[in-house]
Each structure stands twice: as C-alpha cells, then as structure tokens.
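What's counted below: heavy atoms across the whole structure, side chains too, no hydrogens, waters or symmetry copies. Residue numbers start from 1 in every chain, and the chains themselves are labelled A, B, ... in the order their sequence lines are given, proteins ahead of strands.
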2 protein chains.
Amino acid sequence: MSNLRDIPAPGGVLYKDVKRHALQALADGEWKPGEAIPSEKKLVERFGVSIGTLRKAIDELVAENLLIRHQGRGTFVATHRRDDHFFRFFKVAHLDGHRGYPTVELESFRKIKADKSVCTLLGLEAGARAFQLTNVLSLDERPVMIDDIVLPERLFAGLTEAQLRGRPNTLYNFYQEAFGVNVIQTEERLRSVLATEREQALLGVEPGAPLMRIHRVAFSYHRQPVEWRVSTLNTEEHEFIVSQMPKEES
Amino acid sequence: MSNLRDIPAPGGVLYKDVKRHALQALADGEWKPGEAIPSEKKLVERFGVSIGTLRKAIDELVAENLLIRHQGRGTFVATHRRDDHFFRFFKVAHLDGHRGYPTVELESFRKIKADKSVCTLLGLEAGARAFQLTNVLSLDERPVMIDDIVLPERLFAGLTEAQLRGRPNTLYNFYQEAFGVNVIQTEERLRSVLATEREQALLGVEPGAPLMRIHRVAFSYHRQPVEWRVSTLNTEEHEFIVSQMPKEES
DNA sequence: TTACATTTGTTCGTATGTATA
DNA sequence: TTATACATACGAACAAATGTA
C-alpha cells in the first residue's frame with residue numbers, strides 16, 4: 001500500500017484524497033456495514049497522513065451518515081437496521097405525530113424488462129432486465145402505503161420471492177446483507193393524485209380519494225442509482241414528514 | 001469580555017461553549033445577515049481559545065448553514081437572498097425538472113387572534129394577536145400554490161400590507177431585514193386533499209382535483225417558532241422535491 | 001502589474017481526556 | 001487495571017484566495 005503522498009492529489013487536497021480512498025473501501029466492500037473500520041492509528045499509517053488530516057476526511061463521511069463513530073469502541077460502517085437509519089428513509093407518521101414501524105406484506109414479485117423511462121432513471125441499458133415487486137405497508141393493522149419497486153437484475157442477481165418474504169429486517173438492510181448494495185441517499189418527488197381502482201382495493205379507500213404519489217430514486221456510493229420506487233400513500237390518517245436538520249440544536 | 005476558560009463549561013466541552021456564544025451573537029443580532037463576523041484571529045482573542053477550537057465551533061455553524069466561509073474574504077452570516085438559500089425552502093419544481101423563481105401576489109392581509117392550535121404550534125399564549133396573510137405563487141404565469149401564513153404580532157410588530165407588497169426580495173429575506181427574524185429551519189408535514197371552492201378559484205382547478213397540503217413551522221435560533229404556514233400546491237404540472245444531501249458527492 | 005496585508009484552508013503534530021472492553 | 005480508540009484542545013507552518021495600495 002503506497003502513501004497517498006506519493007501520488008499528488010488531483011485537486012491538490014490531501015484529505016479529499018483520503019476521503020476518496022475511504023469511500024472506495026466502502027464501495028468495494030472492504031469495509032462492510034456493521035463492522036468497524038481500522039482504527040485512526042492504522043489508517044494514519046496506511047494513508048501516510050497526519051491524524052488531523054485523517055480525521056477531517058472521516059469527519060465528512062460521518063457527517064454524510066456513511067460512518068458512525070463510537071468513542072472508545074471504534075468507527076463503524078452505518079447499517080439500515082431498525083432504529084439506526086430507518087426513519088431517515090421512512091418518513092410516514094400518524095397525524096398525531098406518532099411514528100411506528102410498518103408491517104410489510106409482499107403483494108407481488110416478478111421479473112420484467114425495465115421500460116425506457118426507468119432505464120434512464122436507473123442508468124441501465126435499454127431493455128435491461130429487472131425485478132418488480134410490490135409491498136403493502138400497514139400501520140396499526142391498516143394498509144397505508146403501496147410500494148412499487150424496481151431493482152436492476154445486474155445488482156440483485158438471483159433475488160427470489162422467498163428471500164423477500166423471509167427477510168427479518170428492513171428492505172434496505174436486506175439489500176446490504178444479501179447483495180452488498182448500500183443505499184446512502186434518496187431523491188423524492190411528490191405529487192397528489194386520485195386513487196386508481198387498484199389503489200382503492202389495496203388501501204381500502206373510496207373512489208376519488210386523494211393519495212400522495214412519491215417517486216424515489218435510491219443511490220449507493222458514487223451516486224449509483226440502485227432502486228426505483230413509486231410509493232402511494234393514503235394521507236387520511238397519516239402524513240409525510242420533511243424536516244431539515246434532524247440533529248443538532250441551534 | 002471574559003475568556004470562556006474563566007467559567008468552566010456546563011458540558012465541559014469548550015468548543016460547544018464557543019458555539020453557544022457565537023449562536024447568541026447571531027440571535028442577539030450582534031452579527032447580522034450578510035455581514036462578516038470578526039476574523040478567526042479576533043475571535044480567538046475574544047473567546048480566549050485556540051484557533052483549532054474556534055474553528056471546530058464555527059465549522060458546525062457552517063455545516064448548519066448559519067454561516068458561510070469565503071477564503072480570503074471572511075466568514076459571513078447567511079442570508080435568504082435569491083440564489084443563496086432560496087431553494088432550500090422553496091421545494092417546488094416543474095415536472096420536467098426545471099426550477100424557477102415564483103412570482104408572488106399578496107391576496108389578503110389582516111390581523112387576527114391566533115386560534116388555539118396555532119398558538120400551540122408557535123408557542124404563543126392563548127389568544128395572542130397575529131398577522132394572517134395569503135400569497136398566491138405563480139410559475140410560468142400560472143398560479144401554482146397558495147401560501148396561508150400566520151406571523152406572531154410580537155415578532156413582527158408594525159407589519160403592513162404595503163411593506164409586503166413592496167418587498168423586493170424573498171419573504172424570509174424580508175423577515176430578516178425588516179424584523180431581524182432569521183428563519184434557519186423548517187418542519188413540514190404533507191398530505192393529499194381535494195380542492196376546496198376557494199382553492200378551485202385561486203388555482204384554477206376543477207372540483208375534486210387532488211392538491212398537496214403542506215403544513216410548515218419555521219424556526220429561528222434556539223428553535224424558536226416564528227411562522228406558521230399552510231401551503232396548497234397544484235401538482236398537475238409541478239412536484240414537491242425532497243432530496244437528502246444537496247451538497248457533497250459520495 | 002506588482003507587492004503586500006488580511007483572511008480562510010490545509011497539514012502537521014503533541015498532549016491530555018473520556019469511553020469501552 | 002490496562003490497553004485501545006476516539007474526543008478535545010493546543011498551536012505552528014505554510015498555502016490559497018481576496019482586496020487594496
């Protein structure tokens with residue numbers, strides 16, 4: 001392993017180089033979710049930089065929620081296990097403010113050829129194969145949201161319906177553990193629509209009921225798109241939460 | 001001005017103390033939006049801490065978008081001027097992805113007694129007086145969103161309709177410049193609803209059209225609530241954008 | 001254009017404190 | 001108790017950007 005100093009940084013900024021290498025270790029799966037990365041001391045040796053420079057690089061990855069520091073224990077790769085990052089990606093709450101975990105029922109699962117628009121969004125070649133699955137999410141025993149999800153076959157090779165039904169944890173945690181696919185960022189676009197017949201049936205709402213449609217692209221490292229999702233939410237008793245700065249008081 | 005070292009920090013962490021004092025300088029209006037705060041050298045003297053400690057404190061305020069650093073120029077208090085933070089708070093885009101500035105028309109303005117629920121949300125005593133105003137926002141010459149806004153009279157004493165009509169910049173910039181009220185954070189809750197008659201008229205939609213209702217509380221320093229807003233968005237040709245991590249690539 | 005002062009950005013390293021196993 | 005790992009605090013030296021004389 002050569003020192004980063006040996007090759008001048010492209011941007012000329014050393015800590016950005018360290019960050020880039022750390023990011024690569026994450027993307028390559030050298031550092032795996034839930035596991036500790038090497039100690040600061042070891043990373044200082046590995047990268048040939050000072051402790052301050054290393055810290056500045058790791059600081060940014062921590063700020064981006066990719067790593068989690070624990071004083072006295074080590075620095076860990078973030079996971080999608082319950083409580084960890086779950087509510088960063090599940091933004092539905094009851095009108096009274098209460099936020100709970102949904103129960104998930106797999107409604108359908110099949111292989112498809114991704115259509116043109118989805119291929120564009122996921123950066124796939126035209127006609128690429130993909131998995132299409134539909135989950136119905138319930139809160140307090142009542143169906144609240146439909147998730148129509150498309151996953152590129154290339155990234156999720158061998159995915160089966162049984163796996164999806166048997167998964168013990170969150171979907172994004174399942175992506176991590178079963179396929180090494182790490183969702184670290186999402187982009188969502190929200191609209192209001194009227195319920196279709198299918199949605200009336202699945203969510204148990206009246207014809208003409210207003211629903212919220214959420215288009216989401218989920219990204220992994222290096223902004224690689226890994227999931228396309230259309231969620232349909234019944235906001236009769238629930239709402240979609242958007243808040244800036246979940247942590248830090250000012 | 002006494003050194004921070006003279007009084008042991010409550011939490012025992014010096015840079016948090018520095019941050020707290022800096023935050024107070026912002027909340028007190030000692031450091032005003034758009035202006036430069038004292039140089040690092042001066043702040044080091046003022047607080048009696050090392051440059052590293054000072055930097056760590058300021059770093060957090062920069063990360064929270066309260067301050068903006070410019071190498072060679074200084075560190076400035078963030079403003080709500082166009083292009084600056086505007087799109088952090090205006091999350092509406094055209095379906096084709098294009099994001100533009102809306103034109104705003106003041107539809108109504110009056111003094112009210114805030115009702116109980118609004119008082120709770122804004123942390124006001126029961127029956128507190130407030131201003132109620134309604135804006136209609138247009139994109140590409142077409143009305144797209146209605147903003148129903150409530151402002152506590154205590155924070156916006158003397159606000160007039162003429163001021164609101166004459167303001168050259170964004171509403172939040174107007175709060176800053178005219179009343180020293182600095183919006184730094186918002187919390188929003190979104191639902192889908194059917195258009196009321198009033199909304200049909202103002203937005204030019206059909207009866208039964210689905211609209212998006214956005215409930216927002218805006219906060220200033222120390223999480224003080226300063227504005228209550230109910231926005232109603234026509235998502236026929238526009239959508240509401242939610243994306244994590246607007247900056248930094250991973 | 002040049003030179004210079006000012007201000008923030010980067011990199012280095014040390015010493016000590018605190019949390020964990 | 002001990003070793004390990006991260007957290008805080010210090011500050012020096014130099015680089016890069018900016019504004020001005």
- Task: Please report, rounded to the nearest Å, how far the C1' atom of C/dT10 is from the CG atom of A/Asp59.
- Result: 14 Å
- Task: Nearest whole angstrom, please: distance from the P of C/dC12 to the CG of A/Asp17.
- Result: 12 Å
- Listed nucleotide nearest any side-chain atom of A/Val49, set D/dT8, D/dG11, C/dC12: C/dC12
- Task: May I have the distance from A/Lys16 (atom NZ) to C/dG9 (atom C1'), rounded to whole angstrom?
- Result: 12 Å
- Query: So, B/Asp96 and B/His98: side-chain donor and acceptor under 3.5 Å apart, yes or no?
  - Reply: no
- DNA chain C nearest-nucleotide lookup for A/Thr53 and A/His70: closer to the 5′ end is A/Thr53
- Task: Just do the salt bridge (charged side-chain N to carboxylate O under 4.0 Å, His left out) check on B/Lys16 and B/Glu60 with the steps written out, would you?
- Result: CA-CA 9 Å; B/Lys16 286 286 184 190; B/Glu60 292 201 355; 3.3 Å; yes
- Query: To the nearest Å, how far apart are A/Ile51 CD1 and D/dT4 P?
  - Reply: 16 Å
- Task: May I ask you to say what A/Gly52 touches in the nucleic acid, namely base, sugar-phosphate or nothing, with a heavy-atom cut-off under 4.0 Å?
- Result: nothing
- Query: Is A/Arg69 near enough to D/dA7 that one of its side-chain N or O atoms lies under 4.0 angstrom from OP1 or OP2?
  - Reply: yes
- Message: Given the ring of A/Tyr15, does A/Lys56 sit roughly above its face, with NZ or CZ under 6.0 Å from the centre of the six-membered ring and within 45° of the axis?
- Response: yes
- Do the ring centers of A/Phe87 and A/Tyr101 come within less than 6.0 Å of each other? yes
- Considering just the side-chain nitrogens and oxygens of B/Thr75, establish if one lies under 4.0 Å of OP1 or OP2 belonging to C/dT8. yes
- Task: May I ask you to evaluate whether B/Lys41 reaches the phosphate of C/dT7, defined as a side-chain N or O under 4.0 Å from OP1 or OP2?
- Result: no
- Note on the structure: Separation of C/dT8 atom C1' from B/Leu61 atom CG, nearest Å, is 16 Å
- When you get a sec, tell me which of C/dT14, D/dA5, C/dT7 is the closest nucleotide to the side chain of A/Ser39? D/dA5
- Message: Is there, by distance only and without an angle test, a donor paired with an acceptor across the side chain of A/Gln71 and the base of C/dT18 below 3.5 Å?
- Response: yes
- Given atom CG of B/Leu14 and atom P of C/dT18, what is their separation to the nearest angstrom? 13 Å
- Task: Could you check which of C/dA21, C/dT11, D/dC10 has an atom nearest any side-chain atom of B/Ser50?
- Result: D/dC10
- Would you kindly give the CD1-to-P distance between A/Ile37 and D/dC6, to the nearest whole Å? 7 Å
- Query: Between B/Phe86 and B/Phe90, is the ring centre distance below 6.0 Å?
  - Reply: yes
- Measure from OH on B/Tyr15 to C1' on D/dG11 and round the result to the nearest Å. 19 Å
- Query: Does the side chain of B/Arg55 get closer than 4.0 angstrom to OP1 or OP2 of C/dT8 through an N or O atom?
  - Reply: no
- Of the listed D/dA7, D/dG19, D/dG11, the closest approach to the B/Arg73 side chain comes from D/dG19
- Among C/dT7, D/dA7, C/dT10, the one nearest A/Lys56 by side-chain distance: C/dT10
